[in-house]
Q: 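Take a look at this one; I'll ask things after.
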Amino acid sequence: MTRLAVIDFETTGISPEQGARATEVAIVLLEHGRVVDRFQSLMNAGVRIPSFITQLTGISNAMIAEAPPAAQVMAEASRFVGSLPMVAHNAAFDRKFWVAELALAGLDAPQAYACTVLLSRRLFPHAPSHKLGLLIDHLGLPRAGRAHRALADAEMAASLLARMQDELRRQWQLEASPALLMALQRCSKAAVPGWLRQQQACAPVQTRQAAVLGAV
DNA sequence: TGCCAGGCCCTCTTTAGGGCCTT
C-alpha cells in the first residue's frame with residue numbers, strides 16, 4: 001500500500017469557472033491507514049468572502065487578509081503532495097479547485113484523484129447519506145474538529161478512506177492500493193459486488209466522472 | 001430581472017428528470 005494525499009478545500013463558492021476561489025486548503029498523507037503528515041493553510045486570493053460562506057465555514061475576510069498569497073500556498077501544497085495519488089470527498093469539486101488554483105500559480109496538476117463519495121456509494125450502498133459528516137457518524141468514526149474547516153474535513157475524509165481500506169481487507173481480502181481504488185470507482189455500481197467477489201477486471205461500463213479523475 | 005456547476009445514480013428511465021454531493 002502506498003501513500004495517498006487526502007485533500008479538502010474551503011472556497012468562496014461552488015465553481016472556479018464562476019469566479020469562486022479557494023480560501024483554505026488542507027492535505028493529510030495517509031499510509032497504512034494512519035495519518036503520517038499534514039499540511040494546512042488559509043490563503044488570500046484577493047477576493048471577498050460571501051457572508052453565507054463565513055457562516056458556513058467560520059472563515060472571515062479578516063482571517064484571509066492576514067493569510068499568505070494563494071499562489072504561495074498552492075506552490076507549497078504542490079510540493080507537499082508531489083506525485084502522490086489524491087483523494088477527496090466529492091473529488092470533482094476539490095479537483096476543479098486544485099487544477100484552477102495551481103494554474104493561477106503557474107503550476108501543473110498531474111495527480112490522479114480518487115473520490116470517497118464514489119467509493120462509499122460502492123462499499124456502503126445502504127448508508128442513509130453519503131455526506132461526509134453523516135457517513136462518519138454512520139460508521140461510528142470520530143468527528144475531527146469543526147466541520148467545514150479544511151483540516152477537520154480532510155482528517156474525516158482520511159478516516160473514511162482508512163475505514164474503506166479496512167473494509168476491503170477484512171471483507172474481500174483485497175489490498176486497497178491506489179490502483180485498486182481507482183479501478184473500484186471506475187466500476188459501474190451494479191458491477192461492483194461481482195468484481196469484489198471475483199477480483200476480475202472491471203466491467204466495461206465506465207463513468208464519465210471516473211474517467212476525468214484519472215487512473216494510477 | 002433572472003439566471004448562473006456538473007457528474008453520479010436512481011427511477012414511475014434510456015428520446016428524462018431530479019436528488020445527491022461539494023462551498
Side-chain angles (χ1 to χ4, degrees), chain A residues 6-27 40-45 47-61 63-64 67 70 73-74 86-101 112-139 144-161 164 181-193 195 202-215:
Chain A
V6 185
I7 188 168
D8 186 78
F9 277 109
E10 303 305 320
T11 72
T12 62
I14 212 72
S15 172
E17 295 171 353
Q18 300 294 320
R21 295 294 304 270
T23 58
E24 186 179 43
V25 62
I27 302 158
Q40 180 272 330
S41 182
L42 292 165
M43 64 176 80
N44 187 348
V47 294
R48 289 197 61 79
I49 301 174
S51 59
F52 79 93
I53 291 289
T54 297
Q55 291 179 348
L56 177 69
T57 66
I59 298 172
S60 66
N61 286 299
M63 292 163 66
I64 293 302
V73 173
M74 291 306 299
M86 301 185 74
V87 180
H89 199 67
N90 197 16
F93 175 86
D94 291 282
R95 184 179 181 277
K96 277 193 301 186
F97 281 93
W98 179 250
V99 171
E101 292 291 349
Y113 265 77
C115 175
T116 48
V117 173
L118 295 179
L119 292 169
S120 69
R121 283 174 177 165
R122 284 152 177 75
L123 291 174
F124 309 123
H126 302 300
S129 167
H130 294 278
K131 288 183 178 178
L132 180 58
L134 296 180
L135 264 177
I136 290 293
D137 293 342
H138 174 71
L139 296 170
R146 187 196 198 284
H148 296 299
R149 284 301 298 267
L151 185 57
D153 284 0
E155 297 263 13
M156 287 193 288
S159 176
L160 172 60
L161 176 62
M164 291 191 288
L181 295 175
M182 299 294 174
L184 179 57
Q185 74 176 4
R186 281 200 302 274
C187 278
S188 67
K189 200 174 174 183
V192 167
W195 183 79
C202 187
V205 178
Q206 177 168 314
T207 61
R208 292 176 60 189
Q209 172 65 12
V212 169
L213 294 175

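Just so it is clear: chains get the letters A, B, ... in the order the sequence lines come, proteins before strands, and each one is counted from 1.
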Q: Within the 4.0 Å heavy-atom criterion, would you say A:S129 contacts the bases, only the backbone, or no part of the nucleic acid?
A: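 The answer is sugar-phosphate, as A:S129 gets under 4.0 Å only of primed atoms, P, OP1 or OP2.
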Q: Please give the distance between the C1' atoms of B:dT11 and B:dT23 as a whole number of Å.
A: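 To the nearest whole Å, 29 Å.
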Q: Just checking A:T12: base, sugar-phosphate only, or nothing, at a heavy-atom cut-off of under 4.0 Å?
A: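 Nothing, no heavy atom under 4.0 Å.
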Q: Establish, with yes or no, whether the OP1 or OP2 oxygen of B:dG6 is under 4.0 angstrom from a side-chain nitrogen or oxygen of A:K96.
A: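 For B:dG6, OP1/OP2 do not have a side-chain N/O of A:K96 under 4.0 Å.
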Q: May I ask you to test the A:Q185-A:Y113 pair for a side-chain heavy-atom distance under 4.5 Å?
A: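 A:Q185 vs A:Y113: side chains apart.
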Q: CZ of A:R186 versus P of B:dC9: gap in Å, rounded?
A: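 The answer, rounded to whole Å, is 14 Å.
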Q: Pick base, sugar-phosphate or nothing for A:D94, based on heavy-atom distances below 4.0 Å to the nucleic acid.
A: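 Touches nothing.
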Q: Taking atom P in both B:dC3 and B:dG18, compute the distance separating them and give it to the nearest angstrom.
A: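 Looking at atom P only, B:dC3 and B:dG18 are 15 Å apart.
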Q: OP1 or OP2 of B:dC21 versus the side-chain N and O atoms of A:H89: is any pair under 4.0 Å?
A: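 Checking B:dC21 against A:H89, no side-chain N or O comes under 4.0 Å of OP1 or OP2.
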Q: Side chain of A:V117 only, please: which of B:dC10, B:dC21, B:dT23 is the nearest?
A: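 Looking only at side-chain atoms, A:V117 lies closest to B:dC21.
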Q: Of the candidate nucleotides B:dG6, B:dC9, B:dT23, which contains the atom at the shortest distance from the side chain of A:N90?
A: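 In terms of side-chain proximity for A:N90, the closest of B:dG6, B:dC9, B:dT23 is B:dG6.
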Q: Compare the minimum distances between each of B:dC4, B:dC9, B:dC21 and the side chain of A:R122, then state the nucleotide with the smallest one.
A: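 The closest nucleotide is B:dC9.
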Q: Describe the nucleic acid contact of A:F97 in one word from base, sugar-phosphate, nothing, applying a heavy-atom distance below 4.0 Å.
A: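 Touches nothing.
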Q: Of the options B:dA5, B:dT22, B:dC9, whose atoms approach the side-chain atoms of A:R121 most closely?
A: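 Output: B:dC9.
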Q: Work out how far the C1' atom of B:dT14 is from that of B:dT1, and round it to whole angstrom.
A: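 So the two C1' atoms sit 37 Å from each other.
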Q: Quickly work out the A:R95 CZ to B:dT23 C1' distance and round it to whole Å.
A: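 Result: 18 Å.
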Q: Return the value, rounded to whole Å, for the distance between atom CD1 of A:I59 and atom P of B:dT23.
A: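 It is 10 Å, rounded to the nearest whole Å.
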Q: Over how many whole Å does the gap from A:F9 atom CZ to B:dA5 atom P extend?
A: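 Checked: the CZ to P distance equals 21 Å.
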Q: Check the distance between B:dC20's P and A:L134's CG and give it to me in whole angstrom.
A: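 Rounded to the whole Å, the gap is 11 Å.
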Q: A:I14 CD1 to B:dG7 C1': how many Å, rounded?
A: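 Roughly 13 Å, once rounded to whole Å.
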Q: Report yes if the side chains of A:L161 and A:L181 come closer than 4.5 Å at any heavy-atom pair, otherwise no.
A: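 Yes. Closest side-chain heavy atoms under 4.5 Å.
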Q: Ignoring hydrogens, what is the shortest heavy-atom contact between A:P16 and A:A100? Give both atom names and the distance.
A: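 What the structure gives for the nearest pair is CB-CB, 3.8 Å.
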Q: Tell me which of A:T11 and A:Q18 sits closer to the 5' end of DNA chain B, going by the nucleotide each one is nearest to.
A: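 That would be A:Q18.
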Q: Roughly, in whole Å, what's the span from CD in A:E24 to P in B:dT22?
A: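 Distance, rounded to whole Å: 16 Å.
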Q: Specify the separation, in whole Å, of atom CG of A:L118 and atom P of B:dC20.
A: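 Value for this atom pair: 17 Å.
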Q: Are the side chain of A:E24 and the backbone N or O of A:A150 linked by a donor-acceptor pair below 3.5 Å?
A: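 Yes; judged by distance alone, with no hydrogens or angles, the pair exists.
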Q: With sequence neighbours left out, which residue pairs that include part of residues 6-21 of chain A fulfil the salt bridge (charged side-chain N to carboxylate O under 4.0 Å, His left out) condition?
A: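 Matches after skipping sequence neighbours: A:R21-A:E101.
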Q: When rounded to the nearest Å, what value does the distance between C1' atoms of B:dC12 and B:dG19 take?
A: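 Approximately 15 Å lies between the C1' atom of B:dC12 and that of B:dG19.
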Q: What distance, rounded to whole Å, do you find between the two P atoms, one in B:dG2 and one in B:dC21?
A: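 Roughly 31 Å separates the two P atoms.
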Q: Would a distance-only check, ignoring hydrogens and angles, find a side-chain to backbone donor-acceptor pair under 3.5 Å from A:H89 to A:H130?
A: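 The answer is yes, because a donor-acceptor pair under 3.5 Å joins these two groups.
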